[in-house]
Asks: 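One structure, as structure tokens, below. Some questions next.
This one's a predicted model, so the numbers in the text were calculated from it and none came from an experiment. Note that the numbering runs from 1 along the sequence shown for the chain. Side-chain atoms are counted along with the backbone in the values below, which use heavy atoms only and exclude waters and symmetry mates.
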Amino acid sequence: QVQLVESGGGSVQAGGSLRLSCAASGYTYRNCMGWFRQAPGKEREGVAVIYTWGSSTYYADSVKGRFTVSRDNAKKTLYLQMNSLKPEDTAMYYCAAYDDYLPCPGLAWPVTRGYWGQGTQVTISS
């Protein structure tokens, strides 16, 4: 049974920072993991993706230079450091893991593939 549990969300004023964590269990790291977000009435969008055993990372244009994705393979934990937060960053943030033999889908990762956590709410006020 694969489980992904996000933590670290909360309410912060614009310009502040948050660090999200995703703890994985029952999952053998391979391929890639990532962070996705969904605001009310909006479609889910890819935020950041990192290859499990490689060093390749991918970021949405809207967060480049502000967000940093990283991982700790020994702890099976994924992180997302978010700096210079803006009100438009407000959303439910989800952690995802992909272990297929096909290439990692990256930021366009279909919601029907891989494993997903329950999400953690991030709210940024003006």
Side-chain angles (χ1 to χ4, degrees):
Q1 182 179 2
V2 175
Q3 261 193 310
L4 302 177
V5 181
E6 303 96 333
S7 62
S11 298
V12 181
Q13 292 187 339
S17 299
L18 283 174
R19 182 177 175 83
L20 305 184
S21 298
C22 172
S25 63
Y27 173 71
T28 301
Y29 271 23
R30 72 169 182 264
N31 210 323
C32 62
M33 296 184 72
W35 289 97
F36 301 78
R37 66 187 182 185
Q38 186 170 24
K42 304 293 183 179
E43 293 186 354
R44 185 172 299 187
E45 64 174 342
V47 176
V49 171
I50 184 171
Y51 276 77
T52 303
W53 299 110
S55 59
S56 298
T57 56
Y58 305 90
Y59 295 94
D61 290 340
S62 60
V63 306
K64 287 181 179 178
R66 299 188 298 120
F67 290 10
T68 302
V69 63
S70 61
R71 54 172 167 77
D72 186 327
N73 290 344
K75 297 180 179 179
K76 290 190 174 182
T77 302
L78 184 73
Y79 303 97
L80 183 66
Q81 179 65 48
M82 306 186 294
N83 299 324
S84 302
L85 286 163
K86 305 175 181 179
E88 48 263 48
D89 292 318
T90 296
M92 183 72 75
Y93 283 70
Y94 299 91
C95 172
Y98 189 74
D99 64 352
D100 205 340
Y101 293 104
L102 298 173
C104 177
L107 298 173
W109 189 325
V111 70
T112 55
R113 294 186 179 181
Y115 306 98
W116 295 82
Q118 296 301 306
T120 184
Q121 180 66 42
V122 171
T123 302
I124 312 302
S125 60
S126 301

Asks: State, to 0.1 Å, how close Ser70 and Arg19 come at their nearest heavy-atom pair, and which atoms those are.
Replies: OG-NH2, 4.5 Å
Asks: Not counting sequence neighbours, which residues clear ring pair (Phe, Tyr, Trp, His ring centres under 6.0 Å) with Tyr93? List them please.
Replies: none
Asks: Check Val63, Leu20, Val47 against Met82 for a side-chain contact (heavy atoms from CB on, under 4.5 Å) and give me the one that passes.
Replies: Leu20
Asks: State whether the side chain of Gln38 and the backbone N or O of Ala91 hold a donor-acceptor pair below 3.5 Å, judged by distance alone.
Replies: no
Asks: What pairs with Thr57 under side chain to side chain contact (heavy atoms under 4.5 Å, CB included), at least two apart in sequence or on another chain?
Replies: Ile50, Tyr59, Val69
Asks: Could I get the full list of side-chain hydrogen bond (donor to acceptor under 3.5 Å, both in side chains) partners for Ser17, not counting sequence neighbours?
Replies: Asn83
Asks: Okay, side chain of Thr77, backbone of Ala23: is any donor-acceptor separation there less than 3.5 Å?
Replies: no
Asks: Going by the rule side-chain hydrogen bond (donor to acceptor under 3.5 Å, both in side chains), which residues pair with Arg113 if we only count those two or more places apart in sequence or in a different chain?
Replies: none
Asks: Please report the interatomic distance CG(Asn73) to CE(Met33), rounded to the nearest 0.5 Å.
Replies: 9.5 Å
Asks: Does some side-chain heavy atom of Leu107 sit less than 4.5 Å from a side-chain heavy atom of Glu45?
Replies: no
Asks: Given side chains that start at C-beta, do those of Leu85 and Phe67 come closer than 4.5 Å, heavy atoms only?
Replies: yes
Asks: Going by the disulfide bond (SG atoms under 2.5 Å apart) test, which pairs reach into residues 41-92, not counting sequence neighbours?
Replies: none
Asks: Any salt bridge (Lys or Arg N to Asp or Glu O under 4.0 Å) involving residues 46-55? Give me the pairs, sequence neighbours left out, ordered by first then second residue.
Replies: none
Asks: Applying side chain to side chain contact (heavy atoms under 4.5 Å, CB included), can you list everything that pairs with Ser62, at least two apart in sequence or on another chain?
Replies: Arg37, Ala60
Asks: Can you sort out the partners of Ser25 under side chain to side chain contact (heavy atoms under 4.5 Å, CB included), two or more places apart, ordered by chain and number?
Replies: Gln3
Asks: Residues two or more places apart in sequence or in another chain: which of them pass side chain to side chain contact (heavy atoms under 4.5 Å, CB included) with Ser125?
Replies: Gln13
Asks: May I have all residue pairs that pass disulfide bond (SG atoms under 2.5 Å apart) and include part of residues 42-93, sequence neighbours excluded?
Replies: none
Asks: According to a 4.5 Å side-chain heavy-atom criterion applied to Ile, Leu, Val, Met, Phe, Trp and Tyr, with indirect links allowed, do Val111 and Met92 form part of one hydrophobic cluster?
Replies: yes
Asks: So does Gly46 get a backbone contact from the side chain of Trp109, meaning a donor-acceptor N/O pair under 3.5 Å?
Replies: no
Asks: So Tyr115 and Asp99, do their side chains get closer than 4.5 Å, heavy atoms only?
Replies: yes
Asks: Would you say Trp35 and Tyr79 make side-chain contact, with heavy atoms under 4.5 Å?
Replies: no
Asks: Looking at residues at least two apart in the chain, or sitting in another chain, which of them share a side-chain hydrogen bond (donor to acceptor under 3.5 Å, both in side chains) with Lys42?
Replies: none
Asks: Would the distance check show the side chain of Asp100 and the main-chain N or O of Asn31 forming a donor-acceptor pair, the cut-off being under 3.5 Å?
Replies: no
Asks: Are the side chain of Gln81 and the backbone of Thr68 linked by a donor-acceptor contact shorter than 3.5 Å?
Replies: no
Asks: If every non-hydrogen atom of Gly8 is compared with every non-hydrogen atom of Leu18, which pair is closest and at what distance?
Replies: O-CD2, 3.7 Å
Asks: Answer yes or no: is there an ion pair linking Lys64 with Asp61, defined by an N-O contact shorter than 4.0 Å?
Replies: yes
Asks: With heavy-atom distances below 4.5 Å as the criterion, would you say the side chains of Phe36 and Val49 are in contact?
Replies: yes
Asks: Please, which pairs that meet disulfide bond (SG atoms under 2.5 Å apart) have at least one residue in residues 97-126, sequence neighbours excluded?
Replies: Cys32-Cys104
Asks: Check Leu4 against Cys22 and note the closest heavy-atom contact, atom names and distance.
Replies: CB-SG, 4.0 Å
